[in-house]
**Student:** 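Could you have a look at this structure, given as structure tokens, before my questions?
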Amino acid sequence: MTAVGIASGRVSAMADGLTGSSILKIAGDVRALREGGAEVCDLTVGDFKPSEFPIPAMLLSGIEDALRKGETNYPPSSGMPSLRAAVRAFYAEWLGLDYPVESILVAGGARPALYATYRALIDPGDVVVYPVPSWNNDAYCHMVEATPRPIITEPADGFMPTRESIADAIRGARMLVLNSPLNPTGTAFTAESLGEICDLVLEENARRTDDRPLFLLYDQVYWMLTFGATRHVDPVSLRPEMRQYTIFVDGISKAFASTGLRVGWLVGPPDVVAKMANVLGHVGAWAPRAEQVATAKLLGATAELTAYHDVMRKSVQARLTALYDGLIALKHDGFPTDAIVPMGAIYLSARFALIGGRLENGTVLRTNEDIRRFLLERARLAVVPFDAFGSREENGWCRLSVGAVSLGEISAMLPRLREVLQSVKPAR
Ligand code: PLP
């Protein structure tokens, strides 16, 4: 996607070379099967089914109330003062991060915040470093004509980048993009591993003699969703000197199952945030005014937030654990499945090591896409191979997303999976 395609002449070379979301294409296959009457366990979209994961009641009533009170016109382009103040207090209370309101820019979800960061920091040809698998960095690089420098990660590290994998890649780079907990893997940084990476960023910046620093874009939209012993960590709390180089991206889409409400924000050094506000102002990618007013109230309501989160985290974790346990039970019974213990977000890294496997009709599964189709058509299990997140290896690793399924759908799917796996002859 990053090589600019030959423009058809009707659109720009950039638009011509930008591909749509492959996850949405897979979701289209699921829809078609369902329309034919099939029951499908849909683990594809990074979204929530409102009947399984409703938004906080306070958010709903807050939006209704704000609309009734006439909060229907343009919001200020950097965000409603009440929301910027609420984000400031929220970060101070929950994360121990102390930022002035000038550091906070509200946007219509995390995506415009990501785009504004890329747009405001990157000149054509600048190097952007990010691990794969990861979400959408290839598209943002393409849009701003960055030179992408993807780094490969390993299942043994939970697909998280390490000091070793990043050390050379950040030399001369303009931006490092990290996300924890990580979409698509459901894994997260430890304080030790992120701290080591921050040290590298600080060393690289200390070496620079010009005024073009290496920035860190830290996407923490899933930070409220961590499980078990996992605690969310961030660069600025670990290494306060990282503050001048770090842009946080965050929002309510995932933490409050509110993907359709479109409220996000970024937090960073005030001088660059002011430029990002200009970028977003011209795009008009503000969060809707009533949603901003209601989000401000929600972020300040610690008791309601805690109560909502206790329920949400348990519900997400129960689904991830059911999938994890199911896949590991199959592995113990000799089937070629594997999974990584879920640490956060709404995802599980799962492996269906079926490359080279032969079906009864003689068909051989040769690619991740073959595996995906096989699981969908035979087990009615819909997953997204890591190819959709920039991985190039045909190894059967996939993202399983649990926001749109019930526990019942997962337990109904696992026996179907066992049955179809029995029908595959392993690779010779
Ligand atoms: N960042 C990450 C890591 C995501 O996974 C997503 C959505 O899937 C987003 C940002 C986008 O969030 P939003 O819906 O608020 O634009």
Side-chain angles (χ1 to χ4, degrees), residues 20-24 26-27 42-50 53 55 59 79 83 87 105-119 128 130-141 143 150 153 158-161 175-189 216-226 232 234 247-267 276 280 283-288 291-292 295 298-299 316 320 342-349 384 386 388-390 399-404:
S21 162
S22 50
I23 303 172
L24 294 183
I26 295 173
D42 182 4
L43 305 179
T44 57
V45 288
D47 200 357
F48 301 90
K49 201 179 194 175
F53 292 94
I55 64 170
L59 196 49
L83 180 53
V87 169
L105 172 62
V106 174
R111 270 165 242 239
L114 291 168
Y115 179 68
T117 304
Y118 268 89
R119 192 87 256 180
V128 175
Y130 56 88
V132 287
S134 67
W135 179 78
N136 241 16
N137 288 300
D138 46 1
Y140 291 120
C141 280
M143 282 194 273
T153 55
F159 293 103
M160 293 304 283
M175 188 160 78
L176 168 64
V177 186
L178 300 175
N179 165 221
S180 181
L182 178 64
N183 178 9
T185 60
T187 52
F189 279 121
L216 169 59
L217 169 48
Y218 198 67
D219 181 341
Q220 53 177 12
V221 286
Y222 298 98
W223 73 266
M224 296 193 87
L225 294 170
T226 57
H232 177 69
D234 76 79
I247 319 295
F248 289 102
V249 167
D250 199 354
I252 66 168
S253 295
K254 312 293 174 163
F256 302 107
S258 301
T259 50
L261 300 185
R262 309 315 301 149
V263 180
W265 55 85
L266 60 80
V267 179
M276 292 167 187
L280 278 193
V283 182
W286 308 302
E291 276 79 346
Q292 291 197 42
T295 301
L298 177 73
L299 295 185
V316 173
L320 291 170
M343 298 168 79
I346 55 172
Y347 310 115
L348 182 76
S349 291
V384 182
F386 279 179
F389 306 95
R399 179 185 88 170
L400 276 47
S401 173
V402 298

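Sequential numbering from 1 along the given sequence is applied to the chain's residues. Whatever order the structure lists ligands and atoms in, that order sets their numbers, starting from 1. Values below: every heavy atom of this structure, side chains too, minus hydrogens, waters and symmetry copies.
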**Student:** Quick one: does S258's side chain have a donor or acceptor within less than 3.5 Å of a partner on F256's backbone?
**Tutor:**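 Yes, S258 side chain to F256 backbone: donor-acceptor pair under 3.5 Å.
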**Student:** On the 0 to 90° scale, with breaks at 30° and 60°, tag the F248-Y218 ring pair as parallel, tilted or perpendicular.
**Tutor:**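 Geometry flag for Y218 against F248: perpendicular rings.
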**Student:** Is N183 reaching over with its side chain to a backbone N or O of T185, donor-acceptor style, under 3.5 angstrom?
**Tutor:**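 Side chain of N183 to backbone of T185, a donor-acceptor pair under 3.5 Å: no, none is there.
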**Student:** When you measure from the side chain of R399 to the backbone N and O of T44, does any donor-acceptor pair fall under 3.5 Å?
**Tutor:**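 Yes, the answer is positive, given that a donor and an acceptor are paired below the 3.5 Å cut-off.
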**Student:** Do Q292 side-chain atoms and A287 backbone N/O form a donor-acceptor pair below 3.5 Å?
**Tutor:**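 Confirmed, Q292 side chain pairs with A287 backbone.
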**Student:** So if I only count non-hydrogen atoms and take anything under 4.0 Å from ligand 1, which residues does that give, chain by chain?
**Tutor:**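 Ligand 1 is contacted, at a heavy-atom distance under 4.0 Å, by G109, A110, R111, L114, W135, N179, N183, D219, V221, Y222, S253, K254, R262.
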**Student:** Among D138, L176, N179, which one satisfies side-chain contact (heavy atoms from CB on, under 4.5 Å) with Y130?
**Tutor:**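 Running side-chain contact (heavy atoms from CB on, under 4.5 Å) over D138, L176, N179 with Y130 returns exactly one hit, D138.
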